[in-house]
There are 2 protein chains.
Amino acid sequence: MKNKSLVNMPCPVARSLEHVGEWWNILILREALLGVSRFDDFQNHLGIATSTLAKRLNALVESGLLARRQYCEKPPRDEYVITKKGLDFRPVLLTLMQWGNTYYADGEPMIQLVDTETKQAVDLMLVDRNTQVEIDPQRHQSQPGPAADDMIKARFEASSASAAMPQQ
Amino acid sequence: MKNKSLVNMPCPVARSLEHVGEWWNILILREALLGVSRFDDFQNHLGIATSTLAKRLNALVESGLLARRQYCEKPPRDEYVITKKGLDFRPVLLTLMQWGNTYYADGEPMIQLVDTETKQAVDLMLVDRNTQVEIDPQRHQSQPGPAADDMIKARFEASSASAAMPQQ
DNA sequence: CAGTATCCTGTCCGATACTG
DNA sequence: CAGTATCGGACAGGATACTG
């Protein structure tokens with residue numbers, strides 16, 4: 001965020017955090033994904049200061065996660081709608097929500113995902129689209145990709161000796 | 001985070017952010033999931049200040065995501081290993097990584113998940129464990145859960161009229 | 001209603017120095 | 001090597017007031 005050290009970090013997680021690392025951004029995105037689009041609604045639901053909200057909203061538009069759209073000419077009124085990029089962020093929010101429900105909901109979940117066709121609560125599972133197998137730390141491990149630079153490669157070569165390591 | 005307004009927020013996402021909302025925490029967790037456990041390794045890989053690292057490490061131990069374990073008696077040396085709770089956070093990291101690879105990797109991914117059995121790159125997909133159907137904004141929507149308070153219920157009743165809303 | 005402008009505070013974080 | 005202690009800067013975020 002405030003620091004440029006992250007910018008130089010050749011890691012997709014770090015780069016993502018540049019844009020969504022501030023916690024208000026996540027909460028605003030969550031509201032946007034729930035269909036909220038008006039400045040006032042964001043403010044009332046989140047209890048965020050107007051100045052902060054305006055700043056975060058601008059940052060999210062800048063990052064391409066939200067799009068500003070004028071819905072009224074006079075007086076000019078803007079609303080903020082989710083973009084494709086923002087929509088693609090939903091799985092992150094959902095897995096975070098599930099994690100939060102598991103550890104910080106005092107047993108029962110406060111918010112849950114429901115299958116509107118079966119009316120059943122959704123139990124999220126992360127799988128490999130190719131094999132349909134659930135992601136497992138032992139079987140699915142991180143490795144440098146095609147665009148990896150020497151820095152990343154060195155990292156993994158050095159740590160590849162630790163096959164007995166916990167995971168990933 | 002710094003603010004208590006989040007604490008009172010009856011939302012699993014907000015509560016999660018209390019513990020992992022600071023971006024260094026995410027990066028440290030990512031290292032820990034890669035098998036890193038020593039203070040010095042964290043520091044070298046992340047380029048983080050020692051004072052900051054110590055503080056973040058303590059916070060993560062406090063939150064139960066990491067566990068301090070003495071691996072040498074004299075001189076006393078501690079290492080930080082991932083806990084079950086921290087391990088359960090891996091899906092969040094992975095979906096975030098995939099999102100980052102999609103939008104911030106200049107085409108090719110820098111780090112990718114590989115199936116060690118098939119040697120193929122993993123393509124992550126979020127599904128409902130009950131139906132094996134991929135999560136879709138139209139079909140899978142958020143609703144108040146069993147533990148929802150009146151505040152949450154009111155939210156959803158008020159916005160349920162907007163069935164044509166983008167998603168969730 | 002949808003912001004902008006200004007001021008202020010907390011704290012995240014880095015830099016540096018020191019310890020067993 | 002694995003930290004602790006201290007200092008200082010930058011900025012996120014809140015409170016308040018004001019505008020079209």
* **For atom CG of A:Asn44 and atom C1' of C:dG3, their distance in whole Å** => 14 Å

* Asked: Which part of the nucleic acid, if any, lies within reach of A:Leu53 when heavy atoms closer than 4.0 Å are counted: base, sugar-phosphate only, or nothing?
  -> nothing

* Asked: Is a side-chain donor-acceptor pair under 3.5 Å present for B:Arg68 with B:Tyr80?
  -> yes

* If only atom types and distance count, is the side chain of A:Asn25 paired as donor or acceptor with the main-chain N or O of A:His19 below 3.5 Å? -> yes

* Shortest side-chain distance from B:Glu22, nucleotide among C:dC13, C:dC1, D:dA2 -> C:dC13

* Asked: Which nucleotide sits closest to the side chain of B:Arg56: C:dC13, C:dA2, D:dT6?
  -> C:dC13

* Asked: Hey, which of B:Thr118, B:Thr116, B:Asp115 is the one that makes side chain to side chain donor-acceptor pair (under 3.5 Å) with A:Arg139?
  -> B:Asp115

* Structure fact -> Regarding the side chain of B:Lys55, the nearest nucleotide among D:dG13, C:dC13, C:dA2 is C:dC13

* Asked: Can you give the dot-bracket line for DNA chain C, using ( ) for pairs inside the strand, [ ] for pairs that cross earlier ones, | for pairs with another strand and . for unpaired bases, where Watson-Crick and G-U count if both distances are under 3.5 Å?
  -> |||||||||||||||||||.

* Quickly work out the B:Asp40 CG to C:dG20 P distance and round it to whole Å. => 20 Å

* Asked: Any donor-acceptor pair under 3.5 Å between the side chain of B:Thr50 and the base of D:dT4?
  -> yes

* Would one find a side-chain N or O of B:Thr52 under 4.0 angstrom from OP1 or OP2 of C:dG14? -> yes

